[in-house]
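Report on one structure; see the data block that follows.
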Amino acid sequence: MKLHGKRILICISGGIAAYKINYLIRDFIKKGAEAQVLMTSSAEQFVSKLTLSTLSKNPVYSDFYSDNGTWNNHVELALWADIILMAPCTANTLSKMVHGMCDNLVLATYMSAKCPVFIAPAMDLDMYQHPSTKLNLELAEDFGHHIIPAEDGELASGLSGVGRMAEPETISQIIEDFFNSDKSLTGKTVLITAGPTYEAIDPVRFIGNHSSGKMGFSIAEEAANRGANVILISGPSSELSNHQNIEIFRVTSAKEMFTKVFEYYENADIAIASAAVADYAPKEIAQEKIKKSEDSLTIKLVKNPDILKTMGERKTKQFLVGFALETQNEEENAKGKLQKKNLDMIVLNSLRDEGAGFKGSTNKIKIITESTVTEFPLKSKTEVAKDILTFIEEQILK
Ligand code: C5P
């Protein structure tokens, strides 16, 4: 049975597509899964609890308390699940999920969960196209959730367009594929640096850069999805992850990043340095806020430790990957770094390419090894992360 023993927590919110969940649950059970259903109070208007509990073979909860006064423990429900499926996910529930609102059992359970989350949105076409929905789906993707896109077709409003929840067979197949996908990095430890570093000038100011940390977090999520044990060491970044395979350490300066990296480097099988580490830091950090007195101010900077170069020097078994963000002579400079830092491969992004580099959600890369240059088209950072890891796996297996 394709989903044998898998625990699927299905959260239904109030949309007409809710009736299709009956078929989906029947399919999950047929494939050997265990199903537990939670629903929002508005979902109760669309589909009966009796039907859902009969099909799922479990009580269905919509409130923190049952009629007999027992507490429906959202933490326990969340920890029980191997995956959570939000389907249908309305614009309202989606928005609450990504903004930390927690005013019902579905949301409290979602927020208590550490397992992968799948979202099958369903709404009318204009709601689906609304900038706020688009932004919320992007945020959900940034959290590492899996979006099952809505489909094109007739809508309950009588209009026709994209907004229908994906068909139960499609959702079921995606989840089956997820569980059966190759966990190609199981047993491997992947060390990743991400984000910028901040180098203090005084208690108030710092020298930093525009790195968002998105690329490193996307690689971490993808490696974790492939079964790796991920150590993610990030400079100041607003990116988040609660993937159960990722251990995150937050640091501020290059020196702190250096120390943390070498606590874990020895045991890493793959190390990926995507952090934009400041090359220099102020020689001295002023104890008090520097006052505005002179017309000019000189701050003496000293070189930071090169974390990646040191990883190269201390390399034993690690497959070592660096990043190069260049503005000119891109390939030549990247190749130089590959050799100087004793890397196995380097990922090059050029600030000259639109959509590539620091801040956005897309990137355009070239992967350079000692003997090859492979160019990739502009893609979302999630897709770029897949390309990078697939490339690394191919190199390791060579
Ligand atoms: O030499 P450059 O800073 O351009 O090299 C970029 C690569 O080196 C990136 O992978 C970055 O994470 C890493 N790096 C580092 N420590 C530094 C500077 C860069 O790990 N101090």
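- Between Y110 and H145, the distance separating the two ring centers is shorter than 6.0 angstrom.
- Within a 6.0 Å radius of NZ in K188, no more than 12 heavy atoms belonging to other residues, nucleotides or ligands are found.
- A salt bridge links K31 and E176; the closest N-O separation between the charged side-chain nitrogens and carboxylate oxygens is under 4.0 Å.
- With sequence neighbours left out, the side-chain hydrogen bond (donor to acceptor under 3.5 Å, both in side chains) criterion links S56 to no other residue.
- Within the structure, salt bridge (Lys or Arg N to Asp or Glu O under 4.0 Å) pairs that include any residue of residues 314-337 comprise D269-K317, K315-D344, E326-K337, E330-R352, E331-K366 (at least two apart or interchain).
- Using cut-offs of 30° and 60° on the angle between ring planes, the pair Y198 and F206 is parallel.
- A donor and an acceptor atom, one from each side chain of N104 and S41, are nowhere located under 3.5 Å apart.
- Residues H130 and S132 bring a donor and an acceptor atom of their side chains to less than 3.5 Å of each other.
- One side chain, S62 or K49, offers a donor N or O that lies under 3.5 Å from an acceptor on the other.
- Applying the 6.0 Å contact sphere to CD of E151 captures more than 12 heavy atoms from other residues, nucleotides or ligands.
- Inspection of the E221 and S241 side chains reveals an N or O donor paired with an N or O acceptor under 3.5 Å.
- In this structure, CD1 on I367 lies 8.5 Å from OG1 on T372, to the nearest 0.5 angstrom.
- Remark: K183 is positioned above the aromatic ring of F178, its terminal NZ or CZ atom under 6.0 angstrom from the ring centre and at most 45 degrees off the axis.
- Ring geometry for H146 against F118 counts as parallel: the plane angle stays under 30°, on a 0 to 90° scale with 60° as the upper cut.
- There is a side-chain donor-acceptor pair under 3.5 Å between S172 and D27.
- Between the side chains of N363 and N349, at least one donor N or O lies within less than 3.5 Å of an accepting N or O.
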